[in-house]
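It should be emphasised that the depicted structure is a prediction, and the values quoted were computed from it without experimental measurement. If you read the sequence from its start, that first residue is 1, and numbering goes on from there.
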Amino acid sequence: MIKIAAVIAITLGGSYLYHQYSFEKELMATNTISVPAGQRINMTLTDGTNVWLNARTSLTYPVKFSKKNRQVILDGEAYFEVAKDKTKPFIVQTNKYNVEVLGTKFDVNAYSETGEFETTLMSGSVRVASTSDPAQKLTLKPNNKVYLQDGELHVSVVDDFNPYRWKEGLICFKNESFTSIMKDFEKYYGLTIQVRNKEVLKYVYTGKFRQTDGIDYALRVLQKDIKFSYQRDDENQIIYIE
């Protein structure tokens with residue numbers, strides 16, 4: 001009986017360790033979604049959180065969230081509608097800052113290639129903290145955004161939410177410089193735009209385009225207000241503004 005009990009105990013112990021190892025391995029397993037230029041993706045995570053990913057964005061998330069938190073890694077721009085769970089905060093990790101919430105709606109813009117960071121809060125509450133400097137942290141209120149400028153976080157009120165309609169396939173801008181608009185076009189269409197005509201840099205623009213209209217249509221519309229020409233190098237994916 002003692003030998004039999006010992007065998008059973010060892011078997012049960014081995015089974016427990018195996019399942020524990022499998023569980024930990026499952027927690028470590030991750031998926032990565034990458035969105036190409038000119039496209040966007042809508043997805044729902046295992047906790048019920050709804051996520052929109054903008055063009056040239058990647059999101060890494062665990063196959064199964066841990067018991068402590070719900071952490072994802074973002075490079076690019078995403079809009080989150082986080083499922084409420086007071087016991088497990090939802091954390092968006094970017095290359096410079098982490099955004100922590102319990103349940104809310106917010107937009108994070110953090111492309112590692114540009115070094116920029118911006119979080120806009122639509123509802124709820126978010127906590128933004130630097131990954132390298134513990135002193136850099138703040139809590140954001142609805143209809144406000146936090147952005148990085150000269151190495152420090154700044155907060156401002158948001159009175160125009162049109163720029164966040166990219167989820168609907170719209171490129172919206174209000175009193176934006178030509179350079180800023182061209183950067184958006186580069187992001188959405190996966191092109192490099194070189195501005196040789198410095199005259200266009202003197203003006204600001206307000207408008208709205210559908211991504212599906214294409215960059216040629218958008219440039220032709222802008223040409224109605226300003227005199228410039230452009231040439232395409234399709235082989236190298238470059239547009240020259242003359």
Side-chain angles (χ1 to χ4, degrees), residues 28-65 70-83 90-101 104-122 126 128 131 145-148 158 161-173 176 179-193 207-219 232 234-239:
M28 291 186 291
T30 60
N31 291 326
T32 298
I33 298 291
S34 297
V35 186
Q39 298 186 31
R40 63 194 186 282
I41 288 177
N42 180 226
M43 59 185 296
T44 302
L45 301 179
T46 54
D47 67 329
T49 293
N50 186 261
V51 186
W52 279 92
L53 302 179
N54 205 347
R56 298 171 67 183
T57 294
S58 67
L59 182 74
T60 300
Y61 58 96
V63 172
K64 186 174 183 179
F65 287 116
R70 299 169 287 168
Q71 185 159 334
V72 299
I73 301 173
L74 175 71
D75 186 345
E77 183 174 14
Y79 176 85
F80 296 87
E81 293 185 359
V82 178
F90 191 95
I91 301 171
V92 181
Q93 179 183 336
T94 73
N95 64 322
K96 291 182 180 293
Y97 293 89
N98 291 341
V99 182
E100 180 179 334
V101 304
T104 186
K105 298 178 181 180
F106 63 103
D107 184 278
V108 179
N109 191 332
Y111 287 89
S112 59
E113 61 189 30
T114 64
E116 298 174 352
F117 173 83
E118 181 179 294
T119 295
T120 304
L121 181 62
M122 285 68 176
V126 300
V128 178
T131 57
K145 71 176 180 180
V146 57
Y147 58 95
L148 182 65
V158 179
F161 285 91
N162 275 319
Y164 309 103
R165 296 183 64 188
W166 58 262
K167 306 186 301 298
E168 304 169 39
L170 297 176
I171 304 173
C172 304
F173 45 92
E176 293 286 342
T179 301
S180 176
I181 297 169
M182 293 305 107
K183 286 182 179 179
D184 280 342
F185 288 170
E186 287 182 330
K187 175 175 69 178
Y188 288 113
Y189 298 114
L191 299 164
T192 298
I193 301 177
K208 186 186 303 178
F209 296 110
R210 290 193 177 277
Q211 292 182 32
T212 53
D213 290 337
I215 191 167
D216 287 294
Y217 171 81
L219 290 174
R232 297 188 60 152
D234 291 329
E235 182 178 352
N236 296 305
Q237 294 293 291
I238 301 176
I239 290 181

Between Thr57 and Val35 (side chain of the first, backbone of the second, donor and acceptor by atom type, cut-off under 3.5 Å), is there such a pair? no
Go through the structure and list residues passing side-chain contact (heavy atoms from CB on, under 4.5 Å) with Ser34, not counting sequence neighbours. Thr32, Ser58
Within-4.5 Å side-chain heavy-atom neighbours: Ile171 and Phe185: yes
Worked check of side-chain contact (heavy atoms from CB on, under 4.5 Å) between Ile215 and Ile193: CA-CA 11 Å; Ile215 191 167; Ile193 301 177; 3.9 Å; yes
Partner of Met182 under side-chain contact (heavy atoms from CB on, under 4.5 Å), chosen from Leu191, Thr192, Leu219: Leu219
Determine the minimum heavy-atom distance between Glu118 and Thr120, stating which atoms define it. OE2-OG1, 3.8 Å
Closest approach of Thr94 to Thr131 (non-hydrogen atoms, all atoms of both residues): O-CG2, 4.1 Å
I need the minimum non-hydrogen distance between Leu74 and Ala78, along with the two atoms involved. CD1-CB, 3.8 Å
Looking only at non-hydrogen atoms, find the nearest pair between Gly190 and Gln237 and report the distance. O-OE1, 4.1 Å
May I ask you to test the Val146-Tyr97 pair for a side-chain heavy-atom distance under 4.5 Å? no
Listed by chain and number, what are the side-chain contact (heavy atoms from CB on, under 4.5 Å) partners of Thr114, not counting sequence neighbours? Tyr111, Glu116
Could you walk me through whether Leu59 and Met43 satisfy the side-chain contact (heavy atoms from CB on, under 4.5 Å) test, starting with their C-alpha distance in whole Å, then the side-chain angles of each, then the deciding distance to 0.1 Å, before giving a yes or no? CA-CA 11 Å; Leu59 182 74; Met43 59 185 296; 4.2 Å; yes
Could you give me the CA-CA distance, side-chain angles and deciding distance for Tyr164 and Val158, then say whether side-chain contact (heavy atoms from CB on, under 4.5 Å) is met? CA-CA 11 Å; Tyr164 309 103; Val158 179; 4.2 Å; yes
Quick check on Phe161: does its CZ atom have over 12 non-hydrogen neighbours (other residues, nucleotides or ligands) under 6.0 Å away? yes
Calculate, to the nearest 0.5 Å, the distance between atoms CZ and CG belonging to Phe80 and Asp107 respectively. 9.0 Å
Face-on cation placement of Lys167 at Tyr79 ring, 6.0 Å and 45° thresholds: yes
Which distance, rounded to the nearest 0.5 Å, do you find between the CE of Met122 and the CZ of Phe106? 10.0 Å
Any residue meeting salt bridge (Lys or Arg N to Asp or Glu O under 4.0 Å) with Asp216, in chain and number order, not counting sequence neighbours: Arg232
Rounded to the nearest 0.5 Å, how far does CD1 of Ile33 lie from CG of Leu53? 7.5 Å
So, Tyr188 side chain and Asn54 main chain: donor-acceptor pair closer than 3.5 Å or not? no
Which pair of heavy atoms, one from Glu81 and one from Lys105, lies closest together, and at what distance? CG-CG, 3.8 Å
In sequence, state the C-alpha distance, the side-chain angles, and the governing distance for Thr119 and Val92, and then conclude on side-chain contact (heavy atoms from CB on, under 4.5 Å). CA-CA 11 Å; Thr119 295; Val92 181; over 6 Å; no
List the residues meeting ring-ring contact (aromatic ring centres under 6.0 Å, His included) with Phe173, not counting sequence neighbours, and say none if there are none. Phe209
Quick one: pull up CH2 in Trp166 and CZ in Arg40 and give me the separation to the nearest 0.5 Å. 9.0 Å
Just so I know, are the side chains of Val51 and Tyr61 near enough to count as touching, which here means a heavy-atom distance under 4.5 Å? no
Step by step, would you call Asp75 with Asn95 a side-chain hydrogen bond (donor to acceptor under 3.5 Å, both in side chains)? CA-CA 7 Å; Asp75 186 345; Asn95 64 322; over 6 Å; no
So NZ of Lys208 and CD of Glu168: to nearest 0.5 Å the spacing works out to 8.5 Å
Show the nearest heavy-atom pair for residues Gln93 and Gln71, with the distance to one decimal. OE1-NE2, 2.6 Å
State which residues pass side-chain contact (heavy atoms from CB on, under 4.5 Å) with Asp47; sequence neighbours excluded, sorted by chain then number. Leu45, Thr49, Phe65, Arg70, Ala83, Phe90
Output all residues satisfying salt bridge (Lys or Arg N to Asp or Glu O under 4.0 Å) with Glu100, sequence neighbours left out; order by chain, then residue number. Arg127
